[in-house]
Amino acid sequence: MYEGVNASEGIGIGTVAVAVEPDLTFTPHAVEDAAAEKARFKAALEVFCKKTEAQAEHMKTSVGEAEAEIMSGHVTLAQDPELTGAIEASIDGGTCAEQALVETSTMFENMFLSMDDEVFRLRAADIADIRTGILAELLGREVVDLSVLPAGTIIVVHDLTPSMTATIDKANVAGIVTETGGRTSHSAIIARALEIPAVLSVSNACGALHNGMTAIVDGSMGVVIGEPDEETLADYTERAEQFAAEKRALEAFRGKPSVTADGIAKVLACNIGSPDDVNGALDHDAEAIGLFRSEFLFMDAKELPSEEEQFEAYRKVAVAMKGAPVIIRTLDVGGDKEIPYMNLQKEENPFMGYRAIRYCLDNPDEYKVQLRALLRASAFGDIKIMVPLVTCVEEIRAVKKLVEECKAELREEGRTFNDNIQVGIMMETAAAANIPDLLAKESAFFSIGTNDLTGYTMASDRGNDRVAYLYSWYYPAVLRAIKNIIEAGVRAGIMVGMCGEAAADPLLTPLLIAWGMEEFSTSAPSILRTRKAISQWTKAEADELAAKVLELSTAEEVKALLEANAR
Ligand code: PEP
Ligand code: MG
């Protein structure tokens, strides 16, 4: 049994596929029979093309036509006579197939990279993918492909990156195990959005679990079991059924209003990472989008998405939500959110460094592309702009100034947008928690980002297992920060919501009701459970419990009292 972080609930039972980056190192060898070496290259090329075609065919239904077309494009490019001709000529000159492939493809890659046209520059990345694929065939090494997996696969991977998840064949994945990441890491957020049980930070998972092994992933408890005996398997099969039954029972809350037991209305919103996630949000009965993490658009791209691309993405969500509020957070880059092509310098202390709104305000021309796209999309629904990592009034003022500049430009161009678009703040730094009254004067709304707020308040890195014991919102320091923010927002008459993971913690629900929070924004699968939790408390009951909690000194005492009063 291996323990890790319970990152995405549910129980998955299936067969392990370890997705390790293949070792593609080789020692070049002399070629005596060039014809035989060329035949070897052609055979590898053929297998690569066949596999890629099959993958593209499968992706049409599992991922989407556009992604499938990219894969088919790889086949055409790999068979390009200019490329294959140059490789064969190199083999004729005495170079082995591996070396000829690497040298020639790198030359083509560099050529594409040096071109001004974006379409050609994207080709460079395609060439690199093709090189990896053919080289793996030549060397007889396996590249695990997450887009074509047999049903019931447990993916075991060092780290689940956004680009990997773009191709994941969700229907066939029973569970995910990674070697890195905490509950609020992006791997966890992605796994929850995909509703796949996941356990993260299992040390040496890629070594301990082997391809073909049966495994159980208990994403609720944070446990992975390899080769379970019959008794354990039966036990977990029953638990999986129970989990499914509880999920079915929550269906009673579908279509119901989100109200406390004494009828105070709340808003149940959803956190999303891509325009397509809006379908999951609606499937789970979300009333609004409380957080669209726009950085995923940037992470999944090969270069900065254009105004047009961003506009389409935001418009799609606004239209799908049919006039319900859609809070879109502007680019939250840096910290644990790396975007390779932006080439940000490595920093000693990235969580306190050049990131999020700091980066955006330092690059106003880039930022204005996003603000213009958001404004243009605001003509299609109730889009609100949210600014991440705010620490001072100056930042929100600077953003609002840029928004006004963009409005003036758009007006000049005769474009339509919502002139009254709201600009609000992620309340996720210790600084913001200390000046909520000052920030409330400048903001249309607050959304509490407890994932970061917990980290910055407790000075505990959210991805560092060794200080994980301090990373908890049950500490009085974090609870007081949350209370201060909510109460200051309520006093100022602005909407206060929460989009950090704590919004989905039913133990906290009575406290958030007591302090007057309006919007709960959670991952899609937590919506109905949170609606149920809200329905179980009256304001008076919540107030009574909150008063007792505020008298406690330690996280342990707080959690124990909340658990003792759980409904
Ligand atoms: C947060 O910090 O709570 C939050 C919602 O944002 P993210 O997890 O993307 O940093
Ligand atoms: Mg955050």
Side-chain angles (χ1 to χ4, degrees), residues 16-56 58 70-115 120-149 155-159 161 163-164 167 179 204-213 302 340:
V16 168
V18 184
V20 282
E21 293 280 322
D23 174 8
L24 296 181
T25 51
F26 62 91
T27 314
H29 58 269
V31 172
E32 270 155 29
D33 182 349
E37 191 68 358
K38 281 194 286 190
R40 200 165 75 80
F41 165 69
K42 277 189 180 149
L45 174 64
E46 200 174 315
V47 176
F48 166 78
C49 291
K50 271 204 183 124
K51 281 189 183 171
T52 310
E53 278 295 6
Q55 198 182 348
H58 182 81
I70 296 175
M71 290 313 281
S72 310
H74 280 184
V75 175
T76 317
L77 193 58
Q79 289 170 332
D80 189 309
E82 260 195 70
L83 178 68
T84 54
I87 293 171
E88 285 176 345
S90 171
I91 296 174
D92 279 333
T95 312
C96 71
E98 288 87 350
Q99 184 81 351
L101 168 71
V102 170
E103 281 176 3
T104 313
S105 61
T106 307
M107 189 183 79
F108 275 78
E109 188 185 355
N110 289 336
M111 187 181 79
F112 282 131
L113 276 176
S114 67
M115 292 184 178
F120 284 113
R121 283 207 309 277
L122 289 178
R123 278 281 161 94
D126 294 337
I127 290 270
D129 278 351
I130 291 166
R131 176 172 56 237
T132 305
I134 305 176
L135 194 55
E137 292 305 332
L138 280 170
L139 297 168
R141 312 234 162 92
E142 191 85 14
V143 179
V144 178
D145 173 4
L146 299 184
S147 68
V148 266
L149 297 165
I155 297 177
V156 181
V157 62
H158 176 68
D159 189 14
T161 61
S163 61
M164 276 180 184
T167 57
E179 293 182 334
N204 190 30
C206 294
L209 298 161
H210 307 293
N211 283 341
M213 198 183 209
K302 290 183 174 142

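The figures here come from the full heavy-atom set of this structure, side chains too, leaving out hydrogens, waters and symmetry mates. Residue indices begin at 1 and follow the sequence shown.
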- Message: Assess the residue pair Glu37 and Thr95 against the criterion (side-chain contact (heavy atoms from CB on, under 4.5 Å)); give the C-alpha distance rounded to whole Å, side-chain angles, the decisive distance to 0.1 Å, and a yes or no.
- Response: CA-CA 9 Å; Glu37 191 68 358; Thr95 312; over 6 Å; no
- Item | More than 12 heavy atoms from other groups under 6.0 Å of CD on Glu103 | yes
- Task: Specify the closest pair of heavy atoms between Leu83 and Ala78, including all atoms of both residues, with the distance to one decimal.
- Result: CD2-O, 4.2 Å
- Message: With rounding to the nearest 0.5 angstrom, report the CD to CG distance, Gln99 to Leu101.
- Response: 10.0 Å
- Between CE on residue Met107 and CD1 on residue Ile127, distance to nearest 0.5 Å: 10.0 Å
- Query: Hey, is the main chain of Val102 close enough, under 3.5 Å, to the side chain of Thr106 for a donor-acceptor pair?
  - Reply: yes
- Query: Tell me, do Leu149 and Ile155 make a side-chain contact under 4.5 Å, heavy atoms counted?
  - Reply: yes
- Task: Take Phe108 and Asp80 through the test side-chain contact (heavy atoms from CB on, under 4.5 Å) and record every step on the way to the result.
- Result: CA-CA 12 Å; Phe108 275 78; Asp80 189 309; over 6 Å; no
- For the residue pair Ala97 and Phe41, what are the closest heavy atoms and their distance? CB-CB, 4.2 Å
- Heavy-atom side-chain proximity of Arg141 to Leu135 below 4.5 angstrom: no
- Which pair of heavy atoms, one from Asn211 and one from Val18, lies closest together, and at what distance? OD1-N, 2.6 Å
- Message: Could you go through Lys302 and Asp126, starting from their C-alpha distance and side-chain angles, then the distance that decides it, and tell me whether this counts as salt bridge (Lys or Arg N to Asp or Glu O under 4.0 Å)?
- Response: CA-CA 11 Å; Lys302 290 183 174 142; Asp126 294 337; 3.7 Å; yes
- Please examine the side chains of Arg131 and Leu24, heavy atoms only from C-beta on, and report whether any two atoms are closer than 4.5 Å. no
- Query: If you round to the nearest 0.5 Å, how far is CG of Leu138 from CZ of Arg40?
  - Reply: 5.0 Å
- Shortest non-hydrogen contact from Glu179 to Cys206? OE2-N, 2.8 Å
- Item | Min side-chain heavy-atom separation Glu98-His29 under 4.5 Å | yes
- Message: If I compare all heavy atoms of Val157 with all of Ala19, which pair ends up nearest, and what's the gap?
- Response: CG2-O, 3.7 Å
- Message: Tell me whether Glu46 is salt-bridged to Lys42, with the criterion being a basic N under 4.0 Å from an acidic carboxylate O.
- Response: no
